[in-house]
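Below: the structure, in C-alpha coordinates.
Start at 1 and go down the list; that is how both ligands and their atoms are numbered. Owing to the predicted nature of the structure, the values given are computational and were not obtained by experimental measurement.
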Amino acid sequence: MATIVGGIATSHIPAIGNAIANRLQNEPYWKPFFDGYPPVRAWLDKVQPDIAIVIYNDHGLNFFLDKLPTFAVGAAAEYRNKDEGWGLRPVTPFPGAPEFSWHLIESLVGEEFDLTTCQEMAVDHGFAVPMQLMWPDRAAWPVRTVPIHVNTVQHPLPSPARCYKFGQALGRAVASWPGNEKVVVLGTGGLSHQLDGERAGFINKPFDLFCMDKIVDDPALLAQYSIRDIVELAGTQGPELVHWLMMRGALGEQVRKLHSNYHVPISNTGAGLLLLEAA
Ligand code: DHB
Ligand code: FE
(Lines give C-alpha, C1' and ligand atoms only; values in the text may rest on other atoms or scores of the structure.)
(Ligands and ions follow the chains in the order given, each with its own letter.)
Protein backbone atom coordinates (compact mmCIF):
# COMPACT_ATOMS: atom_id res chain seq x y z
CA MET A 1 0.00 0.00 0.00
CA ALA A 2 1.02 3.62 -0.44
CA THR A 3 1.99 5.41 2.77
CA ILE A 4 1.35 8.98 3.85
CA VAL A 5 4.73 9.90 5.26
CA GLY A 6 3.72 13.32 6.49
CA GLY A 7 1.69 16.44 6.09
CA ILE A 8 2.72 20.05 5.57
CA ALA A 9 0.58 23.14 6.04
CA THR A 10 1.86 26.25 4.33
CA SER A 11 0.75 29.65 3.19
CA HIS A 12 0.25 30.11 -0.59
CA ILE A 13 0.24 33.91 -0.92
CA PRO A 14 0.95 34.93 -4.55
CA ALA A 15 3.48 37.59 -3.51
CA ILE A 16 5.71 34.71 -2.28
CA GLY A 17 6.03 33.59 -5.90
CA ASN A 18 7.24 37.03 -6.92
CA ALA A 19 9.63 37.17 -3.96
CA ILE A 20 11.11 33.84 -5.13
CA ALA A 21 11.33 35.01 -8.77
CA ASN A 22 13.05 38.24 -7.71
CA ARG A 23 15.30 36.52 -5.11
CA LEU A 24 14.03 38.63 -2.20
CA GLN A 25 14.31 35.82 0.38
CA ASN A 26 16.89 37.69 2.49
CA GLU A 27 15.16 41.08 2.45
CA PRO A 28 14.04 42.12 5.96
CA TYR A 29 10.35 41.85 4.99
CA TRP A 30 10.70 38.28 3.71
CA LYS A 31 13.50 36.72 5.76
CA PRO A 32 11.44 35.71 8.83
CA PHE A 33 8.99 34.02 6.49
CA PHE A 34 11.48 32.15 4.29
CA ASP A 35 13.63 31.20 7.31
CA GLY A 36 10.83 28.85 8.36
CA TYR A 37 11.32 26.55 5.35
CA PRO A 38 14.81 24.93 5.45
CA PRO A 39 13.82 22.31 8.10
CA VAL A 40 10.85 21.29 5.95
CA ARG A 41 13.08 20.97 2.86
CA ALA A 42 15.62 18.94 4.84
CA TRP A 43 12.83 16.59 5.91
CA LEU A 44 11.61 16.25 2.30
CA ASP A 45 15.16 15.52 1.13
CA LYS A 46 15.49 12.83 3.79
CA VAL A 47 12.08 11.21 3.28
CA GLN A 48 12.02 11.56 -0.55
CA PRO A 49 8.26 11.32 -1.14
CA ASP A 50 7.17 10.09 -4.58
CA ILE A 51 3.84 11.91 -4.75
CA ALA A 52 2.53 15.21 -3.36
CA ILE A 53 -1.21 15.66 -2.91
CA VAL A 54 -1.74 19.44 -2.86
CA ILE A 55 -4.97 20.75 -1.33
CA TYR A 56 -5.80 24.32 -2.29
CA ASN A 57 -8.55 26.55 -3.61
CA ASP A 58 -8.53 27.71 -7.18
CA HIS A 59 -8.85 31.51 -6.99
CA GLY A 60 -10.25 32.06 -10.49
CA LEU A 61 -7.66 30.61 -12.89
CA ASN A 62 -9.17 27.20 -13.67
CA PHE A 63 -12.66 27.71 -12.20
CA PHE A 64 -14.52 31.00 -12.06
CA LEU A 65 -17.69 32.10 -10.29
CA ASP A 66 -19.83 30.81 -13.17
CA LYS A 67 -18.80 27.17 -12.57
CA LEU A 68 -17.19 26.42 -9.24
CA PRO A 69 -17.09 22.84 -7.96
CA THR A 70 -17.06 22.24 -4.21
CA PHE A 71 -14.35 19.56 -4.55
CA ALA A 72 -12.31 18.83 -7.70
CA VAL A 73 -9.49 16.33 -8.15
CA GLY A 74 -6.91 16.46 -10.93
CA ALA A 75 -6.38 13.35 -13.05
CA ALA A 76 -4.07 14.80 -15.69
CA ALA A 77 -0.62 13.73 -16.82
CA GLU A 78 0.65 17.29 -16.33
CA TYR A 79 -0.45 20.55 -14.73
CA ARG A 80 0.62 24.03 -15.74
CA ASN A 81 0.41 27.34 -13.94
CA LYS A 82 -0.25 30.63 -15.67
CA ASP A 83 0.11 34.30 -14.91
CA GLU A 84 -3.06 35.16 -13.03
CA GLY A 85 -2.38 38.89 -13.22
CA TRP A 86 0.21 39.04 -10.42
CA GLY A 87 3.03 38.83 -12.95
CA LEU A 88 3.85 35.32 -11.74
CA ARG A 89 5.92 33.50 -14.33
CA PRO A 90 4.94 30.05 -15.54
CA VAL A 91 7.23 27.44 -14.00
CA THR A 92 8.24 23.97 -15.19
CA PRO A 93 5.00 21.97 -15.65
CA PHE A 94 4.11 19.75 -12.70
CA PRO A 95 3.98 16.03 -13.48
CA GLY A 96 0.72 14.29 -12.64
CA ALA A 97 -0.02 10.77 -11.40
CA PRO A 98 -3.20 9.99 -13.36
CA GLU A 99 -3.63 6.35 -12.37
CA PHE A 100 -3.15 7.18 -8.71
CA SER A 101 -5.55 10.14 -9.10
CA TRP A 102 -8.23 7.88 -10.57
CA HIS A 103 -7.80 5.48 -7.67
CA LEU A 104 -8.28 8.33 -5.18
CA ILE A 105 -11.34 9.52 -7.12
CA GLU A 106 -12.89 6.01 -7.19
CA SER A 107 -12.31 5.61 -3.48
CA LEU A 108 -13.61 9.08 -2.53
CA VAL A 109 -16.72 8.80 -4.71
CA GLY A 110 -17.19 5.32 -3.19
CA GLU A 111 -17.28 7.07 0.20
CA GLU A 112 -19.96 9.45 -1.12
CA PHE A 113 -17.77 12.50 -1.76
CA ASP A 114 -19.08 13.72 -5.10
CA LEU A 115 -16.24 15.26 -7.06
CA THR A 116 -15.47 17.04 -10.27
CA THR A 117 -12.79 15.06 -12.11
CA CYS A 118 -10.31 17.12 -14.11
CA GLN A 119 -8.33 15.56 -16.93
CA GLU A 120 -7.14 19.07 -17.72
CA MET A 121 -6.47 21.55 -14.95
CA ALA A 122 -4.52 24.79 -14.77
CA VAL A 123 -3.09 25.31 -11.28
CA ASP A 124 -2.92 28.74 -9.69
CA HIS A 125 -0.76 30.26 -6.92
CA GLY A 126 -2.58 28.11 -4.33
CA PHE A 127 -0.79 25.09 -5.83
CA ALA A 128 2.33 26.51 -7.51
CA VAL A 129 3.63 28.70 -4.66
CA PRO A 130 3.71 25.86 -2.07
CA MET A 131 5.46 23.60 -4.62
CA GLN A 132 8.12 26.28 -5.17
CA LEU A 133 8.54 26.70 -1.40
CA MET A 134 9.03 22.96 -0.89
CA TRP A 135 11.37 22.30 -3.82
CA PRO A 136 13.12 25.54 -4.90
CA ASP A 137 15.74 25.77 -7.60
CA ARG A 138 15.22 22.29 -9.04
CA ALA A 139 15.64 21.60 -12.73
CA ALA A 140 12.77 19.08 -12.48
CA TRP A 141 10.08 18.49 -9.87
CA PRO A 142 11.11 15.49 -7.74
CA VAL A 143 7.50 14.40 -7.09
CA ARG A 144 4.41 13.59 -9.12
CA THR A 145 1.38 15.58 -8.03
CA VAL A 146 -2.37 15.37 -7.41
CA PRO A 147 -4.14 18.75 -7.12
CA ILE A 148 -7.27 18.80 -4.95
CA HIS A 149 -9.31 21.98 -5.24
CA VAL A 150 -11.83 23.02 -2.59
CA ASN A 151 -14.25 25.91 -3.01
CA THR A 152 -13.30 28.42 -0.33
CA VAL A 153 -14.19 31.33 -2.60
CA GLN A 154 -17.93 31.47 -3.34
CA HIS A 155 -20.51 30.68 -0.66
CA PRO A 156 -21.85 28.24 0.30
CA LEU A 157 -18.49 26.70 1.23
CA PRO A 158 -18.13 23.12 2.47
CA SER A 159 -18.13 22.96 6.27
CA PRO A 160 -14.94 22.34 8.24
CA ALA A 161 -16.51 19.08 9.50
CA ARG A 162 -17.14 17.91 5.92
CA CYS A 163 -13.60 18.83 4.91
CA TYR A 164 -12.08 17.00 7.88
CA LYS A 165 -14.06 13.89 6.91
CA PHE A 166 -12.88 14.30 3.31
CA GLY A 167 -9.31 14.26 4.60
CA GLN A 168 -9.96 11.08 6.57
CA ALA A 169 -11.44 9.45 3.45
CA LEU A 170 -8.42 10.65 1.46
CA GLY A 171 -6.16 8.90 3.96
CA ARG A 172 -8.08 5.64 3.45
CA ALA A 173 -7.95 6.12 -0.33
CA VAL A 174 -4.15 6.45 -0.26
CA ALA A 175 -3.79 3.42 2.02
CA SER A 176 -5.81 1.25 -0.38
CA TRP A 177 -3.58 1.98 -3.41
CA PRO A 178 -1.59 -1.18 -4.16
CA GLY A 179 1.68 0.59 -5.06
CA ASN A 180 4.31 1.35 -2.43
CA GLU A 181 4.71 5.09 -3.08
CA LYS A 182 5.49 7.53 -0.30
CA VAL A 183 2.94 10.34 -0.27
CA VAL A 184 3.16 13.78 1.31
CA VAL A 185 -0.03 15.84 1.74
CA LEU A 186 0.14 19.64 1.53
CA GLY A 187 -2.65 21.75 3.00
CA THR A 188 -2.18 25.26 1.65
CA GLY A 189 -3.37 28.81 2.34
CA GLY A 190 -4.58 30.52 5.47
CA LEU A 191 -4.29 31.59 8.08
CA SER A 192 -6.30 34.70 8.99
CA HIS A 193 -6.71 37.18 6.15
CA GLN A 194 -9.35 39.39 4.65
CA LEU A 195 -8.53 40.82 1.24
CA ASP A 196 -11.73 42.80 0.65
CA GLY A 197 -14.60 44.65 2.29
CA GLU A 198 -14.83 46.77 5.42
CA ARG A 199 -12.45 44.60 7.42
CA ALA A 200 -9.78 44.36 4.65
CA GLY A 201 -6.44 43.72 6.33
CA PHE A 202 -8.04 41.93 9.30
CA ILE A 203 -5.65 39.49 10.99
CA ASN A 204 -6.22 37.52 14.21
CA LYS A 205 -2.86 36.28 15.48
CA PRO A 206 -4.20 34.68 18.69
CA PHE A 207 -6.73 32.66 16.69
CA ASP A 208 -4.05 31.67 14.12
CA LEU A 209 -1.79 30.39 16.91
CA PHE A 210 -4.75 28.56 18.47
CA CYS A 211 -5.41 26.87 15.11
CA MET A 212 -1.74 25.91 14.69
CA ASP A 213 -1.89 24.29 18.10
CA LYS A 214 -5.25 22.52 17.79
CA ILE A 215 -4.69 21.24 14.27
CA VAL A 216 -1.95 19.03 15.74
CA ASP A 217 -3.66 17.51 18.77
CA ASP A 218 -7.36 18.29 18.49
CA PRO A 219 -8.40 18.81 14.86
CA ALA A 220 -11.92 17.60 15.70
CA LEU A 221 -12.33 20.76 17.81
CA LEU A 222 -11.54 22.98 14.80
CA ALA A 223 -13.90 20.87 12.67
CA GLN A 224 -16.77 21.98 14.94
CA TYR A 225 -16.49 25.61 13.84
CA SER A 226 -18.89 26.82 11.17
CA ILE A 227 -17.69 28.72 8.10
CA ARG A 228 -19.46 31.77 9.54
CA ASP A 229 -17.44 31.41 12.78
CA ILE A 230 -14.21 31.18 10.81
CA VAL A 231 -15.03 34.23 8.67
CA GLU A 232 -15.71 36.17 11.86
CA LEU A 233 -12.54 34.97 13.60
CA ALA A 234 -10.14 34.77 10.65
CA GLY A 235 -11.54 37.03 7.92
CA THR A 236 -13.27 36.38 4.60
CA GLN A 237 -10.37 34.27 3.27
CA GLY A 238 -9.80 32.55 6.63
CA PRO A 239 -11.84 29.51 5.50
CA GLU A 240 -8.72 28.33 3.62
CA LEU A 241 -8.10 26.70 7.02
CA VAL A 242 -10.25 23.82 5.75
CA HIS A 243 -7.34 22.79 3.48
CA TRP A 244 -5.24 22.33 6.62
CA LEU A 245 -8.03 20.24 8.18
CA MET A 246 -8.18 18.01 5.09
CA MET A 247 -4.42 17.44 5.24
CA ARG A 248 -4.68 16.71 8.96
CA GLY A 249 -7.58 14.29 8.46
CA ALA A 250 -5.52 12.30 5.93
CA LEU A 251 -2.73 11.74 8.48
CA GLY A 252 -4.85 9.72 10.94
CA GLU A 253 -5.42 10.03 14.67
CA GLN A 254 -1.94 10.66 16.03
CA VAL A 255 0.76 12.89 14.59
CA ARG A 256 4.11 14.26 15.69
CA LYS A 257 4.84 17.93 15.09
CA LEU A 258 8.37 18.20 13.69
CA HIS A 259 8.51 21.90 12.88
CA SER A 260 6.42 25.05 12.83
CA ASN A 261 6.76 28.72 11.98
CA TYR A 262 4.36 31.67 12.07
CA HIS A 263 5.05 35.10 10.68
CA VAL A 264 2.75 38.06 10.33
CA PRO A 265 2.05 39.97 8.22
CA ILE A 266 2.98 38.78 4.74
CA SER A 267 0.69 40.47 2.23
CA ASN A 268 -1.86 41.20 5.02
CA THR A 269 -1.96 37.52 5.92
CA GLY A 270 -0.99 35.41 8.93
CA ALA A 271 1.50 33.00 7.35
CA GLY A 272 1.71 29.64 9.11
CA LEU A 273 3.91 26.61 8.46
CA LEU A 274 3.62 23.16 10.02
CA LEU A 275 5.41 19.89 9.37
CA LEU A 276 3.64 16.83 10.76
CA GLU A 277 4.65 13.20 10.63
CA ALA A 278 2.12 10.40 10.96
CA ALA A 279 2.78 8.82 14.40
C1 DHB B 1 -3.42 36.84 -1.13
C2 DHB B 1 -4.01 35.86 -1.94
C3 DHB B 1 -4.29 34.61 -1.41
O4 DHB B 1 -4.83 33.62 -2.16
C5 DHB B 1 -4.03 34.31 -0.08
O6 DHB B 1 -4.37 33.09 0.37
C7 DHB B 1 -3.44 35.28 0.73
C8 DHB B 1 -3.14 36.55 0.21
C9 DHB B 1 -3.11 38.17 -1.68
O10 DHB B 1 -3.63 38.50 -2.76
O11 DHB B 1 -2.32 38.90 -1.07
FE1 FE C 1 -5.57 32.03 -1.05
Side-chain angles (χ1 to χ4, degrees), residues 8-22 24-25 27 29-30 32-34 36-37 53-65 68-72 74 79 81-89 91 121-134 147-155 157-158 160 163 185-205 207-208 211-212 215 227 230-231 233-247 261-274:
I8 298 164
T10 171
S11 177
H12 66 210
I13 301 165
I16 299 165
N18 280 327
I20 293 171
N22 297 317
L24 303 179
Q25 289 93 329
E27 298 284 312
Y29 180 82
W30 288 105
F33 170 78
F34 280 102
Y37 284 83
I53 297 174
V54 183
I55 303 168
Y56 70 108
N57 57 316
D58 185 277
H59 301 71
L61 178 71
N62 191 74
F63 303 116
F64 197 59
L65 303 180
L68 188 40
T70 303
F71 298 111
Y79 305 94
N81 74 325
K82 293 191 181 142
D83 181 11
E84 304 158 48
W86 313 99
L88 287 179
R89 293 165 210 165
V91 297
M121 195 174 190
V123 286
D124 77 358
H125 65 271
F127 177 102
V129 163
M131 288 292 293
Q132 290 173 275
L133 282 167
M134 299 301 123
I148 301 187
H149 148 90
V150 187
N151 170 27
T152 50
V153 170
Q154 175 160 261
H155 294 264
L157 314 185
C163 291
V185 184
L186 271 54
T188 82
L191 285 162
S192 61
H193 58 305
Q194 169 138 354
L195 301 175
D196 46 26
E198 272 177 25
R199 292 199 306 165
F202 176 77
I203 289 176
N204 185 345
K205 182 175 176 179
F207 183 67
D208 287 349
C211 290
M212 289 195 59
I215 197 102
I227 288 292
I230 294 179
V231 168
L233 287 161
T236 40
Q237 279 71 43
E240 291 180 352
L241 177 66
V242 300
H243 313 149
W244 290 40
L245 267 175
M246 290 167 72
M247 173 278 290
N261 191 49
Y262 178 81
H263 179 64
V264 64
I266 290 291
S267 211
N268 283 329
T269 301
L273 173 66
L274 267 184

Check your understanding: Does CZ belonging to F64 count more than 12 external heavy atoms closer than 6.0 Å?
Key -> no

Residues at least two apart in sequence or cross-chain that pass side chain to side chain contact (heavy atoms under 4.5 Å, CB included) with T269, listed by chain then number, are I13, H193

With the side chain counted from C-beta on, respond yes when L68 and V153 share a heavy-atom pair under 4.5 Å apart, and no when they do not. yes

Those residues at least two apart in sequence (or on a different chain) that pass side-chain hydrogen bond (donor to acceptor under 3.5 Å, both in side chains) with H12 are H59, T188, E240

Atoms of type N, O or S from protein under 2.8 Å of the Fe ion (ligand 2), total 3

(message) Looking only at side-chain N and O atoms, does T70 offer a donor or acceptor that is under 3.5 Å from a partner on N151?
(response) no

| message | Looking only at the aromatic ring of each residue, does the gap between the centers of Y56 and H243 stay below 6.0 angstrom? | response | no

Hey, can you tell me if F33 and W30 have their rings parallel, tilted or perpendicular (30° and 60° cut-offs)?
-> perpendicular

Will you find, in the side chains of S192 and N204, an N or O donor that is under 3.5 Å from an N or O acceptor?
no

One pair per line, please: each N/O atom of ligand 1 matched with every protein N/O atom under 3.5 Å away, atom names first, then the distance to 0.1 Å.
| unit_1 | atom_1 | unit_2 | atom_2 | d |
| --- | --- | --- | --- | --- |
| ligand 1 | 4 (O) | H12 | NE2 | 3.4 |
| ligand 1 | 4 (O) | H59 | NE2 | 2.7 |
| ligand 1 | 4 (O) | H125 | NE2 | 2.7 |
| ligand 1 | 6 (O) | H12 | NE2 | 2.9 |
| ligand 1 | 6 (O) | H193 | NE2 | 2.9 |
| ligand 1 | 6 (O) | E240 | OE1 | 2.9 |
| ligand 1 | 6 (O) | E240 | OE2 | 3.3 |
| ligand 1 | 11 (O) | S267 | OG | 2.9 |

- Item | V185 and I55, any side-chain heavy atoms less than 4.5 Å apart | yes

